[in-house]
Number of protein chains: 2
Amino acid sequence: MTKIKESSSTNINKELSELKCPVTYVMNKIGGHWKSIIIFQLITGPKRYSELKRAIPVITEKMLIQSLKQLEADRLVIRKAEVVVPPFVTYSLSDSGRELIPLMHLMAEWAIHDSQRTVRN
Amino acid sequence: MTKIKESSSTNINKELSELKCPVTYVMNKIGGHWKSIIIFQLITGPKRYSELKRAIPVITEKMLIQSLKQLEADRLVIRKAEVVVPPFVTYSLSDSGRELIPLMHLMAEWAIHDSQRTVRN
DNA sequence: CGGCATCCTAGCCGATACTG
DNA sequence: CAGTATCGGCTAGGATGCCG
């Protein structure tokens with residue numbers, strides 16, 4: 001019983017691919033346009049919903065919530081809600097999420113490097 | 001003039017996001033279900049088209065070709081075609097592509113680690 | 001062998017409006 | 001403040017068939 005638990009984006013082919021390619025496993029969790037951006041924003045510490053919205057102005061509320069829910073379902077992000085009026089909800093990286101930070105930094109390095117190389121053709 | 005050159009998947013919002021989040025830049029190049037898998041296969045060395053197809057049986061030809069073209073356009077993969085009969089085409093990682101290898105390994109590590117944690121809930 | 005063209009569908013994603 | 005709900009366009013991606 002070494003089954004990989006289902007990600008937020010469930011699909012039989014994806015599951016198969018994940019087993020054969022761990023990179024796909026990662027992609028299913030932090031892929032898409034928004035999830036990695038959100039993680040990036042949370043690296044500096046917990047943020048409220050409205051802070052995230054302000055930090056990522058181009059995202060729609062639908063996508064922000066949807067992405068946050070997926071990240072929460074995949075246990076990369078922790079949602080903590082204070083039941084008060086007005087509501088006070090903060091999102092933060094879980095342990096798994098924090099373990100992604102070196103990866104993000106490596107990606108960022110490669111991106112900078114590659115974009116510079118590509119510019120000068 | 002430090003403009004980031006357009007990726008194979010062009011979109012004004014993407015471009016903006018790329019500037020704000022280098023991770024998105026990476027995602028645009030190796031995101032999607034197939035591109036990272038293909039890169040993974042090419043780590044071990046150049047492969048012919050048919051070899052790739054056999055190595056990734058679940059991929060359709062359309063997706064294989066499409067992904068390869070994008071990877072080639074983004075200069076991560078080099079296509080070398082011998083004009084003979086029958087045709088002989090090999091794909092290999094470019095310098096940029098090879099610089100992704102540590103990234104892939106880090107991703108793989110995280111995936112293994114995370115999937116094990118998730119399994120035991 | 002190594003592709004390209006076409007049709008078709010699921011679901012991603014944006015826009016807009018509403019709620020506890 | 002922090003979400004939900006609904007409609008609909010767009011496109012990624014699968015199935016199938018043809019080509020040099």
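Chain letters run A, B, ... following the sequence lines, proteins first and then strands; every chain starts at 1. Just so you know, these numbers use all the heavy atoms, side chains as well, and skip hydrogens, waters and symmetry mates.
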Do the side-chain N or O atoms of [X] get closer than 4.0 angstrom to the phosphate oxygens (OP1, OP2) of [N]?
X: B:Y91; N: C:dG3; answer: yes
X: A:R54; N: D:dA2; answer: no
X: B:T60; N: D:dG14; answer: yes
X: B:K62; N: C:dT6; answer: no
X: B:S50; N: C:dG2; answer: yes
X: A:R48; N: D:dC1; answer: no
X: A:K69; N: D:dT4; answer: yes

Roughly how many Å is it from [atom1] in [X] to [atom2] in [N], rounded to a whole number?
X: B:W34; N: D:dA12; atom1: CH2; atom2: C1'; value: 12 Å
X: B:L64; N: D:dA12; atom1: CG; atom2: P; value: 17 Å
X: B:L52; N: C:dC1; atom1: CG; atom2: C1'; value: 13 Å
X: B:Y49; N: D:dC19; atom1: OH; atom2: C1'; value: 13 Å
X: A:M63; N: D:dT4; atom1: CE; atom2: P; value: 13 Å
X: A:I56; N: C:dC13; atom1: CD1; atom2: P; value: 14 Å
X: A:E61; N: D:dA5; atom1: CD; atom2: P; value: 14 Å
X: B:Q70; N: D:dG13; atom1: CD; atom2: C1'; value: 11 Å

Item to check | Joint cluster assignment, B:I78 & B:Y91, ILVMFWY side-chain distance < 4.5 Å | outcome: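 In one cluster with B:I78: B:Y91, no.
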Checklist entry - For the residue pair A:V26 and B:A111, what are the closest heavy atoms and their distance? => result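 Heavy atoms only, the tightest pair is CG2-CB, 3.9 Å.
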Closest to the [X] side chain: [options]?
X: A:V89; options: D:dA2, C:dG3, D:dT4; value: D:dA2
X: A:I65; options: C:dG2, D:dG13, D:dG3; value: D:dG3
X: B:H33; options: D:dC1, C:dG2, D:dG13; value: D:dG13

Item to check | Test: B:E82 and B:R48 ion pair at under 4.0 Å | outcome: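 Salt bridge between B:E82 and B:R48, a charged N being under 4.0 Å from a carboxylate O: no.
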Checklist entry - Taking five pairs at each end, how big is the angle between the two axes of the helix from C:dC1-D:dG20 to C:dG20-D:dC1, to 10°? => result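 Rounded to the nearest 10 degrees, the bend comes out at 50°.
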Next on the checklist: Could you check whether A:K47 and A:S50, counting side-chain N and O atoms only, form a donor-acceptor pair closer than 3.5 Å?
Outcome noted: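 A:K47 and A:S50 do not have a side-chain donor-acceptor pair below 3.5 Å.
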Any side-chain heavy atom of [X] within less than 4.5 Å of one from [Y]?
X: B:L76; Y: B:L93; result: no
X: B:I56; Y: B:Q41; result: yes
X: B:M107; Y: B:F40; result: no

Checklist entry - Touch check for B:Q66, heavy atoms < 4.0 angstrom, all strands: base, sugar-phosphate only, or nothing? => result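 Since no nucleic acid heavy atom lies under 4.0 Å of B:Q66, the category is nothing.
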Item to check | Rounded distance (nearest 0.5 Å) linking atom CD1 of B:I59 with atom CD of B:Q66 | outcome: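 The distance works out to 9.5 Å.
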Item to check | Position toward the 5' end of DNA chain C (nearest nucleotide), A:P87 or B:F88 | outcome: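 Here B:F88 is the residue nearer the 5' end.
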